[in-house]
Undergrad: 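Starting off with a structure, shown below.
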Amino acid sequence: MKRSIIILSGLTILLGGLLAGCGQQKQTAQKQKITLMQTTELTSLDSTNQATLPEFNTLTNTTEGLYRLNKNDQPVPAMATKIVKPTANGTQYLFKIRRNAKWSNGDPVTTSDFEYAWKRA
């Protein structure tokens with residue numbers, strides 16, 4: 001009888017520890033945080049005027065373009081709905097932007113925004 005109580009107590013403690021561990025993992029999964037550090041001060045976050053690695057890294061980590069790289073370093077759609085092929089003898093690319101693409105102020109992102117950025121650059 002005494003041995004059964006000890007085994008039951010041990011299993012209860014083990015099960016309690018497993019359940020507590022699962023609870024902590026669930027809380028951690030809900031909160032995601034990343035901290036990045038640059039080695040020098042940023043001089044500009046203008047995407048057409050960034051020439052140093054700190055600016056490039058910051059823009060890469062905080063903005064999204066038409067495509068992004070997947071885990072195999074292959075381009076996949078980001079703001080674009082699909083990978084497109086050039087038209088007009090390789091002089092035009094026609095992109096469709098995701099319907100839910102929005103600027104930080106809530107305004108929709110449009111193809112004109114990308115056209116303006118390329119012409120400005």
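Side chains included, hydrogens not; waters and symmetry mates left out as well; all remaining heavy atoms used. Note that the coordinates shown come from a computational prediction; the quantities given were computed from them, not determined experimentally.
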Undergrad: So with a 6.0 Å cut-off around NZ of Lys102, is the heavy-atom count from everything else above 12?
TA: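 It does: Lys102 NZ has more than 12 such atoms within range.
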
Undergrad: Does the side chain of Phe114 reach to within under 4.5 Å of the side chain of Ile97, using non-hydrogen atoms?
TA: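 Yes, side chains in contact.
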
Undergrad: Starting from Leu53, walk the hydrophobic network (Ile, Leu, Val, Met, Phe, Trp, Tyr; side-chain heavy atoms closer than 4.5 Å) and list everyone else you reach, by chain and number.
TA: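 Noted: Leu53 shares its cluster with Phe56.
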
Undergrad: I'd like to know if the side chain of Asp46 pairs up with that of Ser44 as donor and acceptor (distance under 3.5 Å, no hydrogens or angles considered).
TA: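 Not at all, the side chains of Asp46 and Ser44 share no donor-acceptor pair under 3.5 Å.
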
Undergrad: Has the side chain of Asp107 got a donor or acceptor atom that lies under 3.5 Å from a matching backbone atom of Trp103?
TA: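 No, because the side chain of Asp107 does not come within donor-acceptor range (under 3.5 Å) of the backbone of Trp103.
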
Undergrad: Using atom types as modelled, flag every donor-acceptor pair under 3.5 Å from a side chain in residues 83-90 to any protein atom, sequence neighbours excluded.
TA:
from: Thr87; atom 1: OG1; to: Gln92; atom 2: O; distance (Å): 3.3

Undergrad: Which distance, rounded to the nearest 0.5 Å, do you find between the OG1 of Thr111 and the CE of Met79?
TA: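 The distance works out to 12.5 Å.
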
Undergrad: Taking the basic N atoms (NZ, or NE/NH1/NH2) and the acidic carboxylate oxygens, is any pair closer than 4.0 Å for Arg68 and Asp73?
TA: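 Asp73 and Arg68: not salt-bridged.
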
Undergrad: Could you identify which residues cluster with Leu59, counting Ile, Leu, Val, Met, Phe, Trp and Tyr as linked when any side-chain heavy atoms lie under 4.5 Å apart, either directly or through a chain of such contacts?
TA: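 Cluster partners of Leu59: Leu42, Leu45.
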
Undergrad: Checking one residue: Leu69. Which other hydrophobic residues are in its cluster under the side-chain 4.5 Å linking rule?
TA: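 Leu69 shares its hydrophobic cluster with no other residue.
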
Undergrad: Look at the side chain of Asp113 and the backbone N and O of Thr110, then say whether any donor-acceptor pair between them is shorter than 3.5 Å.
TA: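 Such a contact is found between Asp113 side chain and Thr110 backbone.
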
Undergrad: Compare every heavy atom of Asn57 with every heavy atom of Gln38, then report the nearest pair and how far apart it is.
TA: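 In this case the closest contact between Gln38 and Asn57 is NE2-CB, 3.5 Å.
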
Undergrad: Is there a donor-acceptor pair closer than 3.5 Å between any side-chain N or O of Asn72 and the backbone N or O of Gln74?
TA: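 Checked: no pair found.
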
Undergrad: Under 4.0 Å between a side-chain nitrogen and a carboxylate oxygen: does that hold for Arg120 and Glu115?
TA: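 Salt bridge between Arg120 and Glu115, a charged N being under 4.0 Å from a carboxylate O: no.
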
Undergrad: Applying side chain to side chain donor-acceptor pair (under 3.5 Å), can you list everything that pairs with Lys82, at least two apart in sequence or on another chain?
TA: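 In terms of side chain to side chain donor-acceptor pair (under 3.5 Å), with neighbours along the sequence ignored, Lys82 is linked to no residue.
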
Undergrad: Can you see which heavy atom on Gly65 is nearest to which on Ala78, and at what distance?
TA: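 Closest pair (atom of Gly65, atom of Ala78, distance): O-CB, 3.3 Å.
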
Undergrad: Could you work out the complete set of other residues in the hydrophobic cluster of Tyr116, with links drawn between I, L, V, M, F, W and Y side chains under 4.5 Å apart?
TA: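 Same cluster as Tyr116: nobody, lone residue.
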
Undergrad: Which atoms form the tightest heavy-atom contact between Pro77 and Tyr67, and what is the distance?
TA: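 So the minimum-distance heavy-atom pair works out to CA-CD2, 3.9 Å.
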
